[in-house]
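As structure tokens, the structure follows; a few thoughts come after it.
When a ligand or atom number is given, it counts from 1 through the structure's own listing order. None of the values given here were measured: they were computed from a predicted structure.
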Amino acid sequence: MENIIIEGGHPLKGEVKIGGSKNAALPILISALLTDGWNTYHNVPDLKDIQSIKLLLSTLGAKIETDGDTVRIAADGLCNYEAPYDLVRKMRASILVLGPLVARLKKARVSLPGGCAIGARPINLHLKGLARLGASIDLKHGYVEASANRLKGNEIYFDIATVTGTENLMMAAVLAEGMTVLRNSAREPEVVALAETLNQMGANIKGAGTSIISIEGVTSLHPVSVSIIPDRIESGTFMTAAALTQGNVRLLECEPEHNEAVIHKLKLAGADIKIEGQSIWVKGPDEIASIDIKTLPYPGFPTDMQAQFMVLMSVAKGLSIISETIFENRFIHVSELKRMGADITISGNFAMIKGVPALSGAPVMATDLRASASLIMAGLIAKGVTEVSRIYHLDRGYEAIEKKLAGLGAAIKRVKA
Ligand code: EPU
């Protein structure tokens with residue numbers, strides 16, 4: 001086990017390169033299951049979740065080669081249609097193999113992911129959609145068993161705009177017979193990146209990035225070479241950390257357009273932000289203004305940035321309200337932030353944050369990926385030393401965050417617990 005130790009009080013200054021997006025890379029690497037031949041993916045981040053998906057894909061029979069941030073995958077030898085519990089429980093996104101396996105091998109047996117720290121996170125909409133494409137679905141012994149001779153295009157309406165649900169159904173429908181229309185689809189940039197990859201493989205998908213996606217099925221796809229889009233949550237986290245520490249940071253190789261909601265809110269909090277092509281320059285304010293946040297599906301404010309903004313609000317002047325509308329249990333970081341002196345009251349899915357002059361360093365425990373980032377950020381401004389434990393959550397989604405922060409002047413190190 002490892003911990004991260006931070007000595008607060010050092011403003012972040014300098015340049016930081018943003019890596020490839022975890023949540024774009026996961027479905028895109030999985031889309032290799034849909035074809036024979038070697039696919040090449042550039043700018044793949046080196047993360048625990050990426051290692052988990054590579055392990056799952058190789059368990060299914062795919063061949064994988066990694067060279068730096070380039071990953072090559074060939075699924076010619078696809079032989080196994082089972083995603084076992086041990087792998088799926090480590091990473092919920094493993095459920096994304098369901099659609100491609102049924103489309104390619106005509107059957108799939110995938111462990112049900114179960115609950116997670118931030119909410120129940122059911123997959124009912126993935127399963128309802130797959131059934132609408134003609135798959136027969138059974139839930140047995142904790143597994144989803146799905147089969148279909150050839151999936152048939154159909155109209156699918158999502159009760160809730162689900163990111164991985166939209167991605168799963170898109171991957172199932174590309175090889176289906178006829179036209180599929182996904183209504184109330186997720187509009188996240190990661191959904192668009194997957195649709196663009198599938199189209200480069202020979203699929204016929206229109207409307208990705210809007211709530212109505214139409215997919216004309218084709219009989220086969222071919223391999224591709226694509227580059228993973230920049231991680232908008234890593235960008236958002238560094239921008240917020242820069243504002244929080246009264247820093248002066250330039251983010252390189254990011255996609256400002258994907259971060260509009262975060263940029264807008266940071267400006268309201270007083271940050272000075274300039275965009276120059278693929279880089280964003282953030283200068284923190286002398287005094288952080290309080291702001292209200294409501295998490296929403298894209299292009300609304302991302303739930304994956306809620307915990308980090310809560311830290312910013314915890315030292316803002318005045319009262320801020322955060323309303324979390326995506327996940328029912330995504331305030332677990334609050335009790336740890338309170339141990340560092342934050343003044344936060346929770347009522348249902350609302351958090352009321354009364355800004356305090358300063359936080360104080362303390363031993364704290366990470367509970368999920370984005371909560372971990374928020375605790376590290378709190379440590380950056382706290383008086384004294386903060387030790388964050390259970391950082392394996394952090395390693396799932398942030399590549400070498402302590403090295404990047406140290407490069408910007410933070411006093412931070414990883415130690416053996
Ligand atoms: N939902 C259902 N039924 C379903 C699917 C979703 O009720 O079948 C509900 C969820 O419980 C939630 C809402 O719909 O209340 C939206 O969830 P969504 O399905 O969009 O989330 P996801 O696809 O499981 C992805 C990201 C998350 C991110 C959310 C929301 C990946 C691999 N994960 O999850 O990322 O928070 O979208 O934007 O893309 C993270 O990176 O830290 C992370 C949690």
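Salt-bridge formation is detected for the pair R104/D36: a Lys NZ or Arg NE/NH1/NH2 atom is positioned less than 4.0 Å from an Asp or Glu carboxylate oxygen. Using a 4.0 Å cut-off between charged side-chain N and carboxylate O, E190 and R232 make a salt bridge. The residues R92 and D49 are annotated as not salt-bridged, no charged nitrogen and carboxylate oxygen being separated by less than 4.0 angstrom. One finds no salt bridge joining E324 and R330 here, because no Lys/Arg side-chain nitrogen approaches an Asp/Glu carboxylate oxygen to under 4.0 Å. By the 4.0 Å N-to-carboxylate-O rule, D304 lies too far from K22 to be salt-bridged with it.
Near ligand 1, heavy-atom contacts under 4.0 Å come from K22, N23, A93, R121, P122, I123, N124, L125, H126, I160, A161, T162, V163, T164, T303, D304, I326, F327, R330, L369, R370.
Evaluation of the side chain to side chain donor-acceptor pair (under 3.5 Å) rule for E328 yields no partner, not counting sequence neighbours.
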